Amino acid sequence: MKLPRWIHQFGSPKYFYELSLWLSRWVAIVCVICFVCGLYGGLVLAPADYQQGDSFRIMYIHVPSAWMSLFIYMVMAVAGGIGLIWRIKLAEIVARSSAPIGASFTFLALVTGAIWGKPMWGTWWVWDARLTSELILLFLYLGYIALQSAFEDRRVAARAGAILALVGIVNIPIIHYSVEWWSTLHQGPTITKMDKPSIHLSMLIPLLFMVLAFKTFFISTLLIRARSEILEYECNASWVKQLLGSNNVTK
Amino acid sequence: MREYLNIFFVILRRDLILAFRNKAELINPLMFFVIVIVLFPLAFGSDSALLKQLTSGIIWVTALLATCLSLETIFRSDFEDGSIEQFSLSRYPLTLLVSAKILAHWMTFSIPLIVIALFTGIVLSLSSQTISALFITLLLGTPVLSLIGAITVALTIGLRGGMLLSLLILPLYMPILIFSMLAIQNAAVGQSITAELYFLAGILVLAITLAPIATAAALRIRLS
Amino acid sequence: MSKFNVNNLECIRRDNILFQNLNFDLEDGGLLQIDGVNGSGKSSLLQMCAGLIQATEGEVRWNGEDINDCRYQFQSDIRYFGHTNGVKAGLTALENMHVMYALSGAKTAIDYSFVLKQIGLEGMEDILVSRMSAGQKRRVGLSRFFMSGSSLWLLDEPFNALDKDGKIIIEQLIVNHCREGGMVIFATHQSIEIESYPLQHVHLGQHNQTTHHA
Amino acid sequence: MSLNEFLSMGGYGTYVWSSYGISALVLFINVIQPVLRERKTVRELQKRFQTMQQHQPDSKS
């Protein structure tokens, strides 16, 4: 199926290369603002939880990064699929650049989850359903990145990665449900306080700010990563030669 | 329609002949399975009660690892001698030819593996319900292992780094292991295992429909 | 009356440009040779014509339709023969030919011993391909061209590993096919002398590929 | 809310601040690494173009 003209035009790397620097700067500013509000609200304003005391504040890092890890995997799968079907270079670049960010968010969710669990259960690692599926998600990310780096030809790597991401997306609900089923049967329905505690308004607003902050962080770092990918993709294109050939260093 | 069935069975017959002519590649993963099973009594001490509990788990995990090792054989020889190019340029959809190859791999590798697994189960004195649960879960689980395995093998043929395949595959195998082990443990205590079997069957049907398509796409990408 | 045309095809392999805006057309009975030094992209061009590789720019058309749109129709009309022979070492020559015949989907029954005689391997039906020499393996691979049913042939270095009379068999095969209205594109760096038939040329070199009619 | 009360976080200070510290570190890496990589790519490509220019100054690129 043929896409309308303007998608290809917008998708042209040269146009995106100039746009991305300006865009990532603005998005970064929004991100910093959200971070400040979120952290201030979460760490200072929000009252301590009646059960967990102040340790619940780790939620402001754990919950957004857990959501982001899943969200970025979906972005990777969708962008990979678009790159695969319509062969749009930009989609492949987005998929390729978002993998490391997704992996670091998943790692973040795991570490903060383990630290949050320590005061409650006394052990660093607990086979809680959510933590286990985060761990498996991290394996999927590492598998994707390993596959990407195993190919020399960039275009083939991106398309192979797209297939793996699509297979992964189909498997994530299966993995999540099987881990839920497995953990409830083994430990019994532990009341995991990992869930958002009874959300009081003053706790919820900082959480929304933090989620927004993480999303804008993802977008702005993705744009930076995409720029270097574009240069490598397009190193033969004439516009790259003019841009760099006449040795005026941009940025 | 008859034409498609005919080509399916031609490819299947071709792969079975090739497998039986090259016995070594057929026997090696099974030898690996038996040897790894023997390792565990050495580790835990032969008569310990702990070993009794773990036997079915050991059998399943070892079957998983043996399958990982044997997946390479599905496409590597065809990739090296150019048969994959001929397949992808033939008049028949690559998905059909690939599903014939996956079925051939399952028949030549997983069926002997199930027989040996049951045999080791009996030798290690598992109860009869556990063995029947082991048989059913292996019967439902191993095709999924071959199907999902074929996708990742198609992606990683000829790439350097042998471990890459297992790194990609094992996370996708975890649901199969979880549901099979739950079924076996329920069977051991006499509870009904239909719920887990439904899940395994559901995953099997999903894999049968989607995996060949994904494998064909992966092969086309790998050839380009 | 089928026609095969390539419009401003471009190929970039590992960040260096092999060839750019390459155009050529082929009608019924057309014979085209792609020559150029090693690594000049001959095989890549041939694989693009077969549809194995996607071109970064430009398109390949079969009977006016882009090959990606009419993939299976196109694939049932072509036969590709790459560096690797597409022959299984574990099978005998006859078994390999059975598989090729089934894959080609040709309706007419064929006489395998006659085909073996044509490629000069008669009496070697039941010998495992693994025991054959490179030249003989190449001939078994070439036996797919004796099974009818495809009009466009794509041959990548058909002559390597073949001895003198092997070459003659191939040249005869190609010329007959073109005389019967088929089309052949073959890539080779060796100089060949098909004198009795008009030959088109595509030369791939350092950015100066030229297409001309010999 | 005095400073050391804030730091002690009701006794959970070590957990809260260690997790925030690690997150800050991971986010920092995610900001710096792409920027450095882009500089490296730009430098590499410039070097490659310069060498290309010397070898075939009249190349049609």
Side-chain angles (χ1 to χ4, degrees), chain B residues 1-26 73-98 100-101 104-105 108 154 157-158 213 216-224, chain C residues 11 13 43-44 46-56 67-68 70-92 94-107 128-130 137-138 140-141 144-145 147 149-150 152-154 156:
Chain B
M1 185 47 198
R2 216 186 56 71
E3 195 186 344
Y4 290 99
L5 278 181
N6 168 35
I7 188 68
F8 183 86
F9 288 114
V10 164
I11 302 289
L12 187 64
R13 212 173 120 274
R14 159 190 178 255
D15 266 27
L16 293 178
I17 294 171
L18 274 171
F20 286 114
R21 284 213 179 126
N22 169 357
K23 292 271 189 308
E25 217 161 304
L26 200 64
T73 57
I74 302 180
F75 291 125
R76 178 146 38 77
S77 67
D78 283 345
F79 191 76
E80 273 147 17
D81 59 29
S83 309
I84 293 287
E85 267 170 14
Q86 296 304 329
F87 281 1
S88 68
L89 289 178
S90 78
R91 55 183 289 122
Y92 297 106
L94 187 55
T95 316
L96 179 72
L97 308 177
V98 156
K101 286 191 69 60
H105 170 263
T108 55
I157 330 172
I213 299 165
L219 279 176
R220 284 201 196 283
I221 289 170
R222 191 74 195 89
L223 284 171
S224 68
Chain C
C11 170
R13 291 301 255 183
S43 302
S44 307
L46 212 60
Q47 284 172 359
M48 274 183 196
C49 294
L52 277 173
I53 308 180
Q54 305 304 326
T56 44
I67 56 172
N68 294 328
C70 61
R71 173 182 291 278
Y72 286 110
Q73 172 53 31
F74 174 61
Q75 281 183 194
S76 56
D77 290 347
I78 65 167
R79 193 118 331 142
Y80 173 78
F81 187 59
H83 289 297
T84 52
N85 309 333
V87 160
K88 294 303 291 180
L91 297 176
T92 67
L94 198 59
E95 282 159 351
N96 268 310
M97 287 167 72
H98 278 300
V99 174
M100 288 179 206
Y101 176 70
L103 267 177
S104 74
K107 298 290 178 294
L128 283 182
V129 169
S130 50
K137 280 186 185 139
R138 196 79 180 154
V140 174
R144 68 180 73 224
F145 289 102
M147 300 165 190
S150 72
L152 170 63
W153 287 1
L154 300 153
D156 198 346

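Lettering follows sequence order; numbering is per chain, from 1. Small disclaimer: the values here were computed from a predicted structure and weren't measured.
In this structure, the separation between OH on Y72(C) and CZ on R91(B) is 12.0 Å, given to the nearest 0.5 Å.
A pairwise comparison of heavy atoms in A50(C) and L89(B) identifies O-CD2, 3.4 Å as the closest pair. Contact detail for R21(B) and L128(C): the closest heavy-atom pair is NH1-CD2, 3.8 Å. Shortest non-hydrogen contact noted between G90(C) and L18(B) is CA-CD2, 3.7 Å.
Neither the backbone nor the side chain of N22(B) comes within contact range of chain C; no heavy atoms are under 4.5 Å apart. Using a 4.5 Å cut-off between heavy atoms, L97(B) touches chain C through its side chain atoms alone. Within the 4.5 angstrom heavy-atom criterion, only backbone atoms of V87(C) (N, CA, C, O) approach chain B. I7(B) touches chain C through its side chain: at least one heavy atom from C-beta onward sits under 4.5 Å away, while N, CA, C and O do not.
At least one donor-acceptor pair closer than 3.5 Å links the side chain of Q75(C) to the backbone N or O of S90(B). In this structure, E85(B) contributes its side chain and N85(C) its backbone to no donor-acceptor pair below 3.5 Å.
The side-chain heavy atoms of R14(B) and H98(C), taken from C-beta on, include no pair separated by under 4.5 Å.
Taking a cutoff of 4.0 Å between a charged side-chain nitrogen and a carboxylate oxygen, D78(B) and K88(C) qualify as a salt bridge.
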